[in-house]
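Only this structure's heavy atoms are used, side chains among them; waters, hydrogens and symmetry mates stay out.
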Amino acid sequence: MNEYAIYWIEENVAKNYYHKSDLLHRFFLECAEKEDEVIIRKQFRFITRKIHFYKFAMHLKTFSSPDIYVKRIGNRVLVKKGEESLCLYIENGELILRCRHLAVAVSLLFPILEDIHPYFFVQGKDTPQYGWISPKFIKELNDESQVLYNFL
C-alpha cells in the first residue's frame, strides 16, 4: 500500500502557487522533517485549512455515488468500489490516504474532493508523486492583464 498526504490549501496560496507545485512539495517535505519548529508550524497553518474528519467522512458518505461503499471505522474511513479500496485518516494535520495505486484515488476519492474544494494538494509519503488533484483551476488563472512577452 502506498501512502499519500492530502492538504487543503487556502485559496490565496493556491492561486499564487498553482504552477509552483515543486515549492509546495519541498515545503511539505520540510514540514515533515522539522515538525517541531514553531515558524514552520505557523506557515503550515497559514497555507492549509484544517480538515474536520467527522464532517469530511459525512460528506464522503453523502456525496459519493451509490456504487461506492463508504464506512467510518473509528478514526478511519474505508472507501470501496468493487475490488478497489482505500483508507483515509488524519495525522498531524494531514489527511492520509492509503491505497494500492493512485489511480484508485483518482477514480474513487478525487471527484468527491473536487466537490468540497478545488485546492487539494497530494504528496506521496513513500513515492515521489505530488500535485494538485484537479486541473480545473487553470482556467481561472487566465488574466488578460498579464503579459508574457513584449513586441518592442
Side-chain angles (χ1 to χ4, degrees), residues 1-140:
M1 287 266 196
N2 293 320
E3 271 194 3
Y4 300 88
I6 300 175
Y7 305 96
W8 185 339
I9 306 297
E10 289 287 350
E11 184 174 353
N12 61 340
V13 175
K15 286 182 177 180
N16 289 312
Y17 288 90
Y18 191 80
H19 294 291
K20 300 173 189 172
S21 54
D22 58 323
L23 290 174
L24 282 174
H25 171 65
R26 289 196 309 261
F27 173 74
F28 291 128
L29 287 176
E30 188 173 351
C31 284
E33 290 173 9
K34 302 175 181 177
E35 62 185 56
D36 294 333
E37 288 191 24
V38 175
I39 292 174
I40 291 189
R41 294 307 320 160
K42 284 183 179 180
Q43 289 174 330
F44 180 84
R45 284 192 302 269
F46 178 76
I47 69 168
T48 62
R49 291 179 73 177
K50 185 176 181 177
I51 298 173
H52 298 280
F53 194 65
Y54 177 75
K55 289 180 184 178
F56 179 76
M58 292 307 297
H59 187 86
L60 285 176
K61 279 185 174 186
T62 305
F63 293 102
S64 61
S65 64
D67 58 335
I68 296 176
Y69 171 77
V70 178
K71 180 168 179 143
R72 186 167 163 233
I73 305 167
N75 64 347
R76 297 179 186 266
V77 171
L78 175 68
V79 180
K80 189 173 182 178
K81 179 179 179 182
E83 295 298 315
E84 298 177 335
S85 67
L86 56 89
C87 179
L88 298 162
Y89 59 96
I90 298 283
E91 183 176 83
N92 297 327
E94 303 170 338
L95 177 63
I96 304 297
L97 161 67
R98 293 192 68 189
C99 60
R100 219 171 274 255
H101 303 287
L102 193 57
V104 174
V106 170
S107 66
L108 293 179
L109 180 66
F110 290 1
I112 301 168
L113 289 178
E114 290 171 4
D115 288 340
I116 296 172
H117 194 72
Y119 312 118
F120 282 100
F121 189 80
V122 179
Q123 179 166 297
K125 290 210 162 260
D126 49 4
T127 67
Q129 298 170 315
Y130 63 91
W132 299 94
I133 66 159
S134 172
K136 287 181 184 178
F137 180 64
I138 294 171
K139 293 178 183 176
E140 295 178 40

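Residues that satisfy the side-chain contact (heavy atoms from CB on, under 4.5 Å) test with Glu3, not counting sequence neighbours, are Tyr89, Ile96, Arg98, Lys125, Asp126. Under the side-chain contact (heavy atoms from CB on, under 4.5 Å) criterion, Ser64 pairs with Ile68, Val70, Ile112, sequence neighbours left out. Residues meeting the side-chain contact (heavy atoms from CB on, under 4.5 Å) test with Asp67, sequence neighbours left out: Ser65, Lys81.
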Stepwise side-chain contact (heavy atoms from CB on, under 4.5 Å) check, Leu29 with Gln123: CA-CA 9 Å; Leu29 287 176; Gln123 179 166 297; 3.7 Å; yes
Test side-chain contact (heavy atoms from CB on, under 4.5 Å) on Gln43 and Ile47 and set out the steps. CA-CA 6 Å; Gln43 289 174 330; Ile47 69 168; 5.7 Å; no
Worked check of side-chain contact (heavy atoms from CB on, under 4.5 Å) between Val77 and Lys71: CA-CA 6 Å; Val77 171; Lys71 180 168 179 143; over 6 Å; no
Might you work through the ring-ring contact (aromatic ring centres under 6.0 Å, His included) test for Tyr119 and Trp8, ending with a clear yes or no? CA-CA 6 Å; Tyr119 312 118; Trp8 185 339; 9.7 Å; no
With side-chain contact (heavy atoms from CB on, under 4.5 Å) as the test, would you mind laying out the steps for Ile116 and His59 before giving the verdict? CA-CA 8 Å; Ile116 296 172; His59 187 86; 3.1 Å; yes
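When atom types are taken as modelled, the side chain of Thr127 and the backbone of Gly124 share no donor-acceptor pair closer than 3.5 angstrom.
When all heavy atoms are compared, the tightest approach of Ser85 to Val104 is O-CG1, 3.8 Å. Heavy-atom minimum distance, Arg41 versus Cys31: NH1-O, 4.3 Å. Across all non-hydrogen atoms, the minimal contact from Cys99 to Leu86 is CB-CB, 3.8 Å. The shortest non-hydrogen separation linking Tyr130 to Ser21 is CE1-O, 3.6 Å. The shortest heavy-atom contact between Arg72 and Tyr54 is NH1-CD1, 3.2 Å. Between Leu23 and Arg26, the shortest heavy-atom contact is CD2-NH2, 2.8 Å.
Between Val122 and Phe110, the closest side-chain pair of non-hydrogen atoms falls below 4.5 Å. Contact annotation: the side chain of Asn2 never approaches that of Leu97 to less than 4.5 Å [non-hydrogen atoms, C-beta and beyond]. Residues Phe56 and Leu113 meet the side-chain proximity criterion, which asks for heavy atoms closer than 4.5 Å. Contact check for Leu108 versus Glu84: side-chain heavy atoms found under the 4.5 Å cut-off. Between Tyr17 and Asn12, every side-chain heavy-atom pair lies at or beyond the 4.5 Å cut-off.
Taking the six-membered ring where the residue is Trp, the centroids of Tyr7 and Phe28 are separated by under 6.0 Å.
With rounding to the nearest 0.5 Å, the separation of CG in Leu60 from CG in Asp115 is 10.5 Å. Note: Lys50 NZ to Ile90 CD1 = 9.0 Å, rounded to the nearest 0.5 Å. Atom OG1 of Thr48 is separated from atom CD1 of Ile6 by 13.5 Å, given to the nearest 0.5 angstrom. Distance check: Asn75 CG to Phe53 CZ gives 6.5 Å after rounding to the nearest 0.5 Å. Atom CZ of Arg49 and atom NE2 of His117 lie 5.5 Å apart (nearest 0.5 Å). Here the CG atom belonging to Asn16 is positioned 7.0 Å from the NZ atom belonging to Lys20, to the nearest 0.5 angstrom.
With salt bridges taken as basic N to acidic carboxylate O contacts below 4.0 Å, one links Lys15 and Glu11.
Heavy atoms from other residues, nucleotides or ligands lying under 6.0 Å from CD1 of Ile39 number 12 at most.
By the 30° and 60° cut-offs, the orientation of the rings of Phe44 relative to Phe27 is parallel.
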